[in-house]
Amino acid sequence: MASTVTGSCHHDCPDSCVWNVTVDEGRAVSLKGDPDHPTTRGQLCPKVNRLLDRVYHRERVLQPLLRVGPKGAGRFEPSSWDRALDLVAERIDRIRNDGRTERLLPYSFDGTQGVIQKGIVADRFFSLLGTSDVHRHLCGVTAWLGAASVSGQPFGIDPFELSRSRTIVLWGTNTYHTNRHLWPVIEEARTRGASVVVVDPVRTPTAARADQFFQVRPGSDVALVLGLVQVLHRDDLLDAQWITEHTTGWSELLASAVALPLDRIAVETGIAVERIEWLARRFATERPAAVRSLIGAEHRANGHEIMRALAILPALTGAWRDPGGGLARSTQIYFETALDYPAALPGDEGRRRFNMAALGQVLTDPTLDPPIDLLFVHNSNPAVICPDQNQVIAGLEREDLFTVVVEQFLTDTARYADVILPATSQIEHLDLGIAWGHLYLSLNQPAIAPVGEARPNSEIFRLLARRLGLTDPLLARSDEELIRGLLASNHPWLDGITLESLAANRWERLRVPPGFRPNVDAPTATADGRLHLGALTHRPPEPTAVTTPDQGPGPLLLISRKQHLRFLNANYGGDPEHLPVPAEPRLELHPVDAAERGVADGTRVTVHNDRGTLTVAAVLSTDLQPGLASLPFGWWNHHTEQRRSVNALTNPTVPPDGRGSAAFHDTWVTVSRA
Ligand SMILES: Nc1nc2c(c(=O)[nH]1)N[C@H]1C(S)=C(S)[C@@H](COP(=O)(O)OP(=O)(O)OC[C@H]3O[C@@H](n4cnc5c(=O)[nH]c(N)nc54)[C@H](O)[C@@H]3O)O[C@H]1N2
Ligand SMILES: Nc1nc2c(c(=O)[nH]1)N[C@H]1C(S)=C(S)[C@@H](COP(=O)(O)OP(=O)(O)OC[C@H]3O[C@@H](n4cnc5c(=O)[nH]c(N)nc54)[C@H](O)[C@@H]3O)O[C@H]1N2
Ligand code: SF4
Ligand SMILES: [Mo]
């Protein structure tokens, strides 16, 4: 008899959908979006609709594998779990005995967002060993830090409150595509008279559906906000009382704004003065008014300042006063505040840490002391997702580097492994699902037994811990016990939410009151309880040193967005069934730039800078603007003749303090006929 088991999507996607898996005689036969779940509303997405094909994919890694060929050749022999785990434990033990556990670098990211499988057990394992570690900052941390510099703890409104808004500014986010379950909410607001404004350098599918599209010059967002500040001030549209009572730094902000005249701002942003005036008036008067942003603008050298500017804007008009007004950003902070995450071990702060964007440099730096001898990857595919890919791969090719990869597939990273350990998929393990696009917690129940010999990440680390004699109460807990611990925080947002209630109700909204207004219904979490404004600095993307001096037309700025309907980051980018036709990444160029280079639709072009070269076909698109080119992110490396993808070109620069994301989109390239 068939049964149905409820689970939730693990992907690094704001929507965190809930699904029902039908299981017949131990095999999952259908997976469908839950019709009752308030944000899923019965629909998954083109990435996940065929997740079961992925679960039972002929190319899935289903037993431990040991390398037999040269690094990267992708030749492996099957192994028993005992042999593979003994080998990994023995390698770790060797460097532990030398007292140099800093030679081990764990590398993980958001392959799964489930709290347990993402890393609670792994983090404790590596912390106990005192290994090196990475700052997991490639996504969202710059946005977090930028907003936090204004509001301390960067709470935004629940994005689903946008249904109440009359002015919605989708700022550097491609909602229709990357956050698709929010789109119906925006449409609902529109039927009630809301105006939807998109600010993006590209006419995205979201921009094409907007009421107003502000096609800004890349990286010019701070200038646009400075223009809005001037108009709000000049036309008496500020909420002076709110500014006085709730903020500091207004006069510094105003001084920085008036230093950049409006006509200059129009040039810098590409937006006419009248349109800046329109947006300022609309945002101040057609309320509730909200800015919605994710991470599009953070992947720039001035990403922190852009996110600061976006967090400042709602304070100027007192937008936070209205339910449905303010800033709607990642909601992850609500879950991190409510759940009882295990406290870090004493001494953890002192571990050697690198920004994850610097992996290539870390693995290839001959002066690094001690160097990295053992790389342990799980929940990530750095050979595709990390900037400066040629360096990353040069590192992975090192014969003296021992690489362990816990994966479901033979990814571009796993190909370089010495040992691959097969991981379960989301429908094979237990997890607690949080979200960064809404406020629902979900319980992901395993629907089927692990396929082949796959094991959950958590179990793999527990097995290794046992072999290494690591004792810690957290490592002795089962996944279910870990979930109970997370829920046992006594935080009012978890009031009455237990493992049992989640199992019975299938999901629970955090007990955040509907219409909750950060900075109004709860104090602003800065030391003085005020929102910190202060001067803003506009800094357009600067041509970097790694631009090859160009012969002919000048360099183009290259962005690499999440463009594919059927990729989720680097998931599916190697799966023929998920690839478009023709199956290769293509460079989008504006017709003006194409003409200057003698390039037509389909012409093969060389895209080049000092970090790398790719040969791909060109597609002409008026969705871009002159000077801006775009190559999609997520493709696996074998789809180009160089066996590299867009991150072979991207800029790995991170903020000077090493915290925050890489300037992926501040990448300059020359483009010429191949
Ligand atoms: N050029 C460019 N680069 C980018 C970006 C961009 O926009 N442009 N975006 C950046 C952003 S925002 C992000 S979030 C990162 C994403 O970087 P990652 O988080 O590394 O990428 P994903 O492809 O989501 O997931 C990585 C792997 O996790 C595996 N996985 C899934 N579930 C499990 C599991 O339960 N256990 C184990 N062991 N593995 C599992 C999948 O098979 C997949 O291969 O990429 C960044 N890189
Ligand atoms: N289909 C699909 N959905 C996804 C993903 C996926 O891979 N595929 N990935 C998921 C992940 S990990 C994340 S983090 C989210 C990201 O979700 P989003 O932040 O919405 O997505 P991005 O494509 O990274 O960037 C959004 C927009 O920022 C714009 N942008 C670039 N530079 C600037 C700038 O200087 N100013 C402004 N205003 N805009 C700029 C880009 O043109 C792009 O349209 O999407 C998630 N959803
Ligand atoms: S990838 Fe996103 S939209 Fe698709 S099912 Fe998962 S959570 Fe939903
Ligand atoms: Mo991301």
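No experiment lies behind these values; they were computed from the predicted model shown. One-based numbering, in listed order, for ligands and for the atoms of each.
Every atom of ligand 1 is numbered from 1 in the order shown, and the set under 4.0 Å from a heavy atom of Asn381 is 20 (O), 26 (C). The atoms of ligand 1 that sit less than 4.0 Å from any heavy atom of Asp12 are 14 (S). The distance from ligand 1 to the heavy atoms of Ala423 drops below 4.0 Å at these ligand atoms: 36 (N), 37 (C), 38 (N). Those atoms of ligand 1 with a heavy atom of Ala570 less than 4.0 angstrom away are 23 (O). Atom numbering of ligand 2 starts at 1 in the shown order; those under 4.0 Å from a heavy atom of Ile295 are 14 (S), 16 (C), 19 (O), 24 (O). Heavy-atom proximity to Thr424, at under 4.0 Å, picks out these atoms of ligand 1: 35 (O). Close contacts between ligand 1 and Thr411 involve ligand atoms 44 (O) [criterion: under 4.0 Å to a heavy atom].
Here the rule is side chain to side chain contact (heavy atoms under 4.5 Å, CB included) with Phe376, and of Leu105, Val406, Val405 only Val406 fits it. Looking at Arg50, Lys47, Arg58, Arg54 one by one, the single match for salt bridge (charged side-chain N to carboxylate O under 4.0 Å, His left out) with Glu577 turns out to be Arg58.
Geometrically, ligand 1 and Thr650 share no nitrogen or oxygen pair separated by less than 3.5 Å. For ligand 1, the polar-atom distance check finds no N/O of Gln117 at less than 3.5 Å from any of the ligand's N/O atoms. For a threshold of 3.5 Å applied to N or O pairs, the pair formed by Asn647 and ligand 1 contains at least one separation below that value. Taking any N or O of Gly219, backbone or side chain, at least one lies under 3.5 Å from an N or O belonging to ligand 2. Considering backbone and side-chain N/O atoms, Asn571 comes within less than 3.5 Å of an N/O atom of ligand 1. Taking distance alone, with nitrogen or oxygen atoms compared against 3.5 Å, Ser380 approaches ligand 1 more closely than that limit. Annotation: Val406 places an N or O atom under 3.5 Å from an N or O atom of ligand 1; distance criterion only.
Annotation: the span from Ser108 atom OG to Asn379 atom CG amounts to 6.0 Å, rounded to 0.5 Å. Rounded to the nearest 0.5 Å, atoms CZ (Arg415) and CD1 (Ile420) are 9.5 Å apart. Note that OG of Ser425 is 5.5 Å distant from CD1 of Ile448, once rounded to the nearest 0.5 Å.
Contact annotation: Ser630 has no heavy atom less than 4.0 Å from any atom of ligand 2. Residue contacts with ligand 1 include His429, since one or more of its heavy atoms lies under 4.0 Å from the ligand. Residue-ligand proximity: His564 is placed with a non-hydrogen atom under 4.0 Å from ligand 2. Residue contacts with ligand 2 include Pro201, since one or more of its heavy atoms lies under 4.0 Å from the ligand. Contact between Phe664 and ligand 1 is present, with at least one heavy atom of the residue lying under 4.0 Å from the ligand. Within the structure, ligand 1 has Arg54 among the residues with a heavy atom less than 4.0 angstrom away. Using a non-hydrogen distance threshold of 4.0 Å, Val384 does not register as a contact of ligand 1.
Counting only heavy atoms of the protein, atom 15 (C) of ligand 1 lies nearest to Phe109 CE2, 3.8 Å. Nearest protein heavy-atom neighbour of atom 9 (N) of ligand 1: Lys562 NZ, 3.2 Å. Nearest protein heavy-atom neighbour of atom 19 (O) of ligand 1: Asp110 N, 3.0 Å. The closest protein non-hydrogen atom to atom 42 (O) of ligand 1 is Glu407 OE1, 2.8 Å. Ranking the protein heavy atoms by distance from atom 5 (C) of ligand 2 puts Leu568 CD2, 3.4 Å first. The single protein non-hydrogen atom nearest to atom 43 (C) of ligand 2 is Asp200 OD2, 3.3 Å, given as residue, atom name and distance. Protein heavy atom at the shortest distance from atom 46 (C) of ligand 1 is Ile385 O, 3.7 Å. Among protein heavy atoms, atom 39 (N) of ligand 1 sits closest to Asn379 OD1, 3.3 Å. Counting only heavy atoms of the protein, atom 47 (N) of ligand 2 lies nearest to Thr178 O, 2.9 Å. The shortest contact between atom 31 (C) of ligand 1 and any protein heavy atom is with Gly111 O, 3.3 Å. Looking from atom 10 (C) of ligand 1 to the surrounding protein, the closest heavy atom is His299 CE1, 4.0 Å.
Proximity of His11 to ligand 2, defined as any heavy-atom pair under 4.0 Å, is not found for any part of the residue. Of the heavy atoms in Thr204, only side-chain atoms (C-beta onward) come closer than 4.0 Å to ligand 2. At a 4.0 Å heavy-atom cut-off, ligand 2 touches Asp221 through the side chain alone. The side chain of Pro14, and not its backbone, has at least one atom closer than 4.0 Å to an atom of ligand 2 (non-hydrogen atoms only; side chain from C-beta on). When non-hydrogen atoms are compared, ligand 2 lies under 4.0 Å from neither the backbone nor the side chain of Phe214. Within the 4.0 Å heavy-atom criterion, the part of Ile559 lying near ligand 2 is the side chain and not the backbone.
Nearest-heavy-atom check against atom 6 (C) of ligand 1 across Tyr107, Phe633, Tyr572 picks out Phe633. Of all the listed residues (Pro422, Cys139, Ala122, Gly140), Cys139 holds the heavy atom that lies closest to atom 11 (C) of ligand 1.
Using modelled atom types, one side-chain atom of Ser16 and one backbone atom of Ile434 make a donor-acceptor pair closer than 3.5 Å. A donor-acceptor distance shorter than 3.5 angstrom exists from the side chain of Asp431 to the backbone of Val115, with no hydrogens or angles considered.
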### Message
For Arg329 and Glu298: C-alpha separation, side-chain torsions, deciding distance, then whether salt bridge (charged side-chain N to carboxylate O under 4.0 Å, His left out) applies.
### Response
CA-CA 12 Å; Arg329 51 177 309 278; Glu298 86 164 32; over 6 Å; no

### Task
Take Asn381 and Thr413 through the side-chain hydrogen bond (donor to acceptor under 3.5 Å, both in side chains) test and state the conclusion after the steps.
CA-CA 6 Å; Asn381 186 359; Thr413 304; 2.6 Å; yes

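If you check the side chains of Thr142 and His304, you find no donor sitting under 3.5 Å from an acceptor.
For His11 and Tyr572, the gap between ring centers is short of 6.0 Å. Between Phe633 and Phe567, the distance separating the two ring centers is not shorter than 6.0 angstrom.
For residues 196-213, the set of pairs meeting the salt bridge (Lys or Arg N to Asp or Glu O under 4.0 Å) definition, not counting sequence neighbours, comprises Arg190-Asp211.
Remark: Glu305 pairs with Arg308 by the side-chain hydrogen bond (donor to acceptor under 3.5 Å, both in side chains) rule, at least two apart or across chains.
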